[in-house]
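Take a look at the structure below.
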Amino acid sequence: MMLDKARRLVTASARSDVPPFMVMDVMAAAAAIEARGGHVIHMEVGQPAAPAPRSAIAAAKAALDTGDIGYTAALGIPALRARIARHYAETHGVTVEPERIVVTTGSSAGFILAFLALFEPGDRIAVACPGYPPYRHILTALGCEPVMIGISAATRWSITVDALLEAHRRAPLKGVLVASPANPTGTMIRPDDLSRLIAAAEGEGIRFISDEIYHGLDYAFPAETAAKFSDNAVIINSFSKYFCMTGWRVGWMVAPDALVRPVERLQQNLAISVPTLSQIAAAAAFEGRDEMEAVKHGYEENRRILVEGLPTAGLDKFLPVDGAFYLYADISRFSNDSFDFAKRMLEQAGVAATPGIDFDPVHGREFVRFSYAGSAADMREAVQRIGTWLNRS
Ligand SMILES: Cc1ncc(COP(=O)(O)O)c(C=O)c1O
């Protein structure tokens, strides 16, 4: 009886039935090895090892001492919105009015707000495959339909105008989401291609969302913001990656004018406001750019170690290592089951990486993602361990 009642009252909704993140299994296995005293090199986690800028931490400490940590305006602290707007002028030479900046709880909440403000249930939104899994899982949970567009070397690992229009002809799209630098591929879209893609999407009435969370971590060429090409694009960004502030949960959105008020109403109802302490820290983070540039140079060195070292270790096929801190390696010479490959590499070589199936249900079986956000010593050790392991197995 009790069980029947519970079943009737607490059955999870179909929309909550989103897939888990496989990398969590790798992380649990790595933790078990470490609990036994083993040493694991962590290349599975997509977060910086470095702390937030000192300026951000100092601002948060000072604010804590005042004890005055109340709600803020739903769109964010005015000084932070103004500072973010100034960042577009300084970094990209683009004027973005502070009124268009919305502070969000990490970029993750930015996606929820943007999708709710832009789309109706049933709308179809194009995303790249491989791509960051929460794009499609958030869309599904909101009743929208993610449409996966395969990307490959032939399309320089990005959604092309042709692929977008072809998908749109098959069944109309309401939106498209592009990230550059991207996760898991670490690839970037060239500014000209970005501009063409935005124009093509907007020409067909397809709303454009640009995930710029890895901006600042660009090595192949400077990343360009979609704000340069359109006032109608929705831009999502975050303090998590370049500013090393993952746990502070603070990001932002550049919204088209017509979307600011709807997003404000949503944020008022869904969250009231973004954690105040994190907003105060974020406003001060921009003063820590020198520190963050030093962290970035560390990633560049790590990238060099892997790009030069992995081929000699046996992993000689990977995507262009343009930006972010990811290297997406083709492991098909060794296995067609990236989950099993990652598991064995962890158990036998002590190197943790993320199986591609998290990012691409089809070809992800043949890829593994390495994060190079750790130390140079760890990168050198990883190359050496992988080489020894692959030669042995
Ligand atoms: C491509 C991409 N977008 C968004 C996020 C979400 O980050 P956050 O919510 O910390 O801003 C991540 C996190 O790994 C990511 O890789």
Side-chain angles (χ1 to χ4, degrees), residues 18 20-24 26-27 42-52 56 76 80 84 101-115 125 127-139 141 146 148 151 157-159 176-189 209-218 223 225-226 234-254 267 270-271 274-275 278-279 281-282 285 292 299 319 322-328 353-354 356 358-360 364 369-374:
V18 295
F21 218 177
M22 298 290 240
V23 67
M24 302 309 250
V26 177
M27 286 164 79
H42 288 278
M43 300 179 79
E44 80 282 30
V45 279
Q47 73 172 332
L80 174 57
I84 293 169
I101 306 289
V102 182
V103 181
T104 59
T105 307
S107 70
S108 299
F111 291 118
I112 300 172
L113 292 169
F115 296 163
I125 293 90
V127 294
C129 181
Y132 180 58
Y135 300 148
R136 38 181 216 274
H137 300 161
I138 297 171
L139 284 167
M148 289 203 264
I151 54 176
W157 303 100
S158 182
I159 295 178
V176 57
L177 192 160
V178 168
S180 171
N183 178 11
T185 56
T187 54
M188 290 170 62
I189 184 167
I209 302 169
S210 182
D211 180 358
E212 303 185 351
I213 185 172
Y214 290 104
H215 270 209
L217 303 178
D218 41 3
T225 174
V234 173
I235 292 147
I236 307 284
N237 209 321
S238 174
F239 289 90
S240 289
K241 308 293 168 155
Y242 177 79
F243 287 106
C244 302
M245 293 177 70
T246 47
W248 295 77
R249 310 307 303 129
V250 57
W252 75 88
M253 178 194 309
V254 181
Q267 178 115 287
L270 290 178
V274 172
S278 299
Q279 292 193 60
M292 296 300 107
Y299 300 148
L319 274 51
D322 293 340
F325 33 61
Y326 301 119
L327 182 147
Y328 203 51
T354 310
D358 262 344
F359 310 101
D360 176 348
R369 185 196 74 175
F370 291 96
S371 164
Y372 53 89

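Since the model is a prediction, treat every value here as computed from it, not as a measurement. Read the numbers this way: they start at 1 and go in the same order the structure lists the ligands and their atoms.
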* Asked: Got the residues with a heavy atom under 4.0 Å of ligand 1, by chain and number?
  ->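 Residue list for ligand 1: G106, S107, S108, F111, Y132, Y135, N183, D211, I213, Y214, S238, S240, K241, R249.
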* Asked: Only one of Y242, F325, Y326, Y214 clears ring-ring contact (aromatic ring centres under 6.0 Å, His included) with Y299; which?
  ->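 Option passing the ring-ring contact (aromatic ring centres under 6.0 Å, His included) with Y299: F325.
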* Any idea which heavy atoms bring P133 and F359 closest together, and the distance? ->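 Shortest heavy-atom contact: CD-CD2, 3.6 Å.
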* Closest heavy-atom contact between V274 and Q267? ->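 Distance-wise, the nearest heavy atoms are CG2-NE2, 3.7 Å.
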* Please identify each residue that fulfils ring-ring contact (aromatic ring centres under 6.0 Å, His included) with F239, with sequence neighbours left out. =>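 Per chain and number, F239 pairs via ring-ring contact (aromatic ring centres under 6.0 Å, His included) with F243, W252, F286.
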* Asked: With F370, which residues qualify under ring-ring contact (aromatic ring centres under 6.0 Å, His included), at least two apart?
  ->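 Expected list: none.
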* Which residues share a salt bridge (charged side-chain N to carboxylate O under 4.0 Å, His left out) with D358, sequence neighbours left out ->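 Once residues adjacent in sequence are excluded, D358 has no partner under the salt bridge (charged side-chain N to carboxylate O under 4.0 Å, His left out) criterion.
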